[in-house]
Amino acid sequence: MKKRLVVANWKMYIQSPQEAKKFVSTLRRRSRLFSGVEVVIAPTHTLLSTVVLALKGSQIKPGAQDVSIFDSGAHTGYVSASSLKHIGVTHVIISHSERRAQGENDEMFRIELERAAQAGLTPILCIGETERHVDGAHFNVIEKQLSILSGLKSAIDKLVIAYEPVWAIGKTASEAMRPQELTETVIFIRKTLADYIDRKDALKIPILYGGSAEPSNVGDLLKEGQVNGFLVGHASAEFDSFIQILKACKK
Ligand code: PGA
């Protein structure tokens, strides 16, 4: 399996160019502490250029938090995959539950995946149920979200899946998913991926966990949860927490 991957989803936590620059420059200077771990920093759109510049020539990559379904034209306020590529962005988060909550849907996410792939970006597709059901109905939710991959050959090459149970997002490590439950879900995701895409490709896709990943739980989630890394929200905007998470991911 590939290197571990950790994606910092800064959401709207870090908003000033000064803070963003200081964060990534310091991270870069300390990168020996987490050598071998692939790291992506996804700031808010207005900070992308600052982050791209501060990371130039580094192994740490810049990512966007969202992308438009449109590629060009009269679409006020949208940001296209090609414009992200032009400024040096390499990754993009797609279908985050906070975008779903704003009305975006699977049909749009499928187009976004295609746009990202056409532009040469690595798409990080977020999936996850809003609640767990005793009868296992949450697995149907995951299956439906993954079904958008059916026939999407172009987006598969670089695809990353981030499994983020919505009920665990923005809480604390004690409320995050337990490693045992995560293992079951990761196995289910791999099996389902193989229903929609080539089995060999399905085995290669990194699966990240997100939802209150913090320094205190990432070790167990990695060891027992069978994930390839994390999509980190609040803890990625606090420098010390983020460094600890990265160190825990070092093999
Ligand atoms: P959290 O967010 O780590 O703050 O729970 C994760 C995410 O929403 O990507």
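One-based numbering, in listed order, for ligands and for the atoms of each. Please read all numbers here as calculations on a predicted model, not as lab measurements. All values below come from the heavy atoms of this structure, side chains included, with hydrogens, waters and symmetry mates left out. We're numbering straight along the sequence, starting at 1.
By the 4.0 Å N-to-carboxylate-O rule, E98 lies close enough to K11 to be salt-bridged with it.
Looking only at atom types and distance, the side chain of T185 has a donor-acceptor partner in the side chain of R132 under 3.5 Å away. The closest side-chain donor-acceptor pair between N217 and S212, if any, does not fall under 3.5 angstrom.
In summary, of the residues considered (E175, E129, E131), a side-chain hydrogen bond (donor to acceptor under 3.5 Å, both in side chains) with W167 occurs for E129 alone.
With hydrogens left out, the protein atom closest to atom 3 (O) of ligand 1 is G233 N, 2.8 Å, a heavy atom. Scanning all protein heavy atoms for the shortest distance to atom 7 (C) of ligand 1 gives E164 OE2, 3.1 Å. The protein atom (non-hydrogen) at minimum distance from atom 4 (O) of ligand 1 is H234 ND1, 2.5 Å.
With sequence neighbours excluded, no residue forms a ring-ring contact (aromatic ring centres under 6.0 Å, His included) with F34.
Among E98, E214, K11, the residue whose heavy atom sits closest to atom 8 (O) of ligand 1 is K11.
Residue contacts with ligand 1: G211 is included, with a non-hydrogen atom under 4.0 Å away.
Checked by distance only, ligand 1 and G170 come closer than 3.5 Å through their nitrogen or oxygen atoms.
Within ligand 1, the atoms closer than 4.0 Å to a non-hydrogen atom of H96 are 7 (C), 8 (O), 9 (O), numbered from 1 in the order shown.
With a heavy-atom cut-off of 4.0 Å, I169 touches ligand 1 through backbone and side chain alike.
Within the structure, side chain to side chain donor-acceptor pair (under 3.5 Å) contacts touching residues 45-66 (residues at least two apart or in different chains) are D66-R99.
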